[in-house]
Amino acid sequence: MLVKIWVSLFLAFAVYSWLVYMHTEDRNNVPPPDRHIQAGWQLWQDKNCQSCHQLYGLGGYMGPDLTNVYSDKGAKYMQTFIKYGTGKMPDFHLNDSETQSLISFLAWIDKSGKSKIPASVVHWWGISSK
Ligand code: HEC
């Protein structure tokens, strides 16, 4: 009797695991960062952007989450903030190439997934892609 319960539990676990792995979206298709993206990543750290901004909700809370700013607002919009700052965000006096590198870095982050999960895609069995 006990053996049957254990076997059933193991089978349920195996089937559930298989279902989860088969229906998980492949996030590993993001290409490795090229030198331009790496330069932006380095600037992200040097200028401590994360002290005010979050990626996937982690970071400071003075500025907005920037995980998907590239697809939500676009490169031109980002360029204005990064190059000139605002009353609340400092002007880092970055040149065009540095600004571009930071945009490339954030565009690369954007490809890795969505930071805000809309309630409509959350189900009792997990998250569906649409
Ligand atoms: C001292 C805190 C602070 C730091 C450091 C900072 N930011 Fe910001 N950032 C802000 C604030 C606050 C806003 C919102 C500005 C506003 O609405 O006036 C903002 C806005 C932005 C936006 C526009 C986001 C949107 O959704 O509207 C981008 C892009 C951005 N920052 C990029 C960066 C990058 C890249 C760095 C690092 C080089 C950086 N920020 C460093 C505070 C900061």
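Order of appearance sets the numbers: ligands from 1, and atoms from 1 within every ligand. In what follows, every heavy atom counts, from backbone to side chain, and hydrogens, waters and symmetry copies are set aside.
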The one among [options] that brings a heavy atom closest to [atom]:
atom	options	answer
atom 26 (O) of ligand 1	His53, Lys88, Lys73, Gln50	Lys73
atom 3 (C) of ligand 1	Pro64, Gly63, Gly60, Cys52	Cys52
atom 27 (O) of ligand 1	Tyr77, Tyr70, Tyr61, Phe81	Tyr77

**Asked** Any donor and acceptor pair, going by atom type alone, linking the side chain of Gln79 with main-chain N or O of Asp96 inside 3.5 Å?
**Response** no

**Under 3.5 Å donor-acceptor, Asn68 side chain and Gly113 backbone** = yes

**Complete:** Under 4.0 Å from one or more heavy atoms of Ile82, ligand 1 contributes atoms 32 (C), 35 (C)

**Request:** Apply the side chain to side chain contact (heavy atoms under 4.5 Å, CB included) test between Ile5 and each candidate in Leu9, Val7, Val3; give the one that qualifies.
**Result:** Leu9

**Asked** Would you say Tyr70 and Phe81 are hydrophobically clustered, going by side-chain heavy atoms of ILVMFWY under 4.5 Å?
**Response** no

**Message:** Checking the N or O distance criterion of under 3.5 Å, is ligand 1 in contact with Lys47?
**Reply:** no

**Message:** If I apply the N/O under 3.5 Å rule, does Ser51 come out as touching ligand 1?
**Reply:** no

[atom] - nearest protein heavy atom and its distance:
atom	result
atom 16 (C) of ligand 1	Thr86 OG1, 3.7 Å
atom 33 (C) of ligand 1	Met89 CE, 3.3 Å
atom 41 (C) of ligand 1	Phe92 CE1, 3.5 Å
atom 34 (C) of ligand 1	Cys49 SG, 3.5 Å

**Message:** With a cutoff of 4.0 Å, is Pro90 in contact with ligand 1, counting heavy atoms of the residue only?
**Reply:** yes

**Fill in**
With heavy atoms and a 4.0 Å threshold, my read on which part of Leu66 contacts ligand 1 is side chain

Least distance between heavy atoms, [X] atom then [Y] atom:
X	Y	answer
Leu94	Lys47	CD2-CE, 3.8 Å
Pro33	Ile37	CB-CG2, 3.6 Å
Met78	Val69	CE-CG1, 3.7 Å
Pro64	His53	O-ND1, 2.8 Å

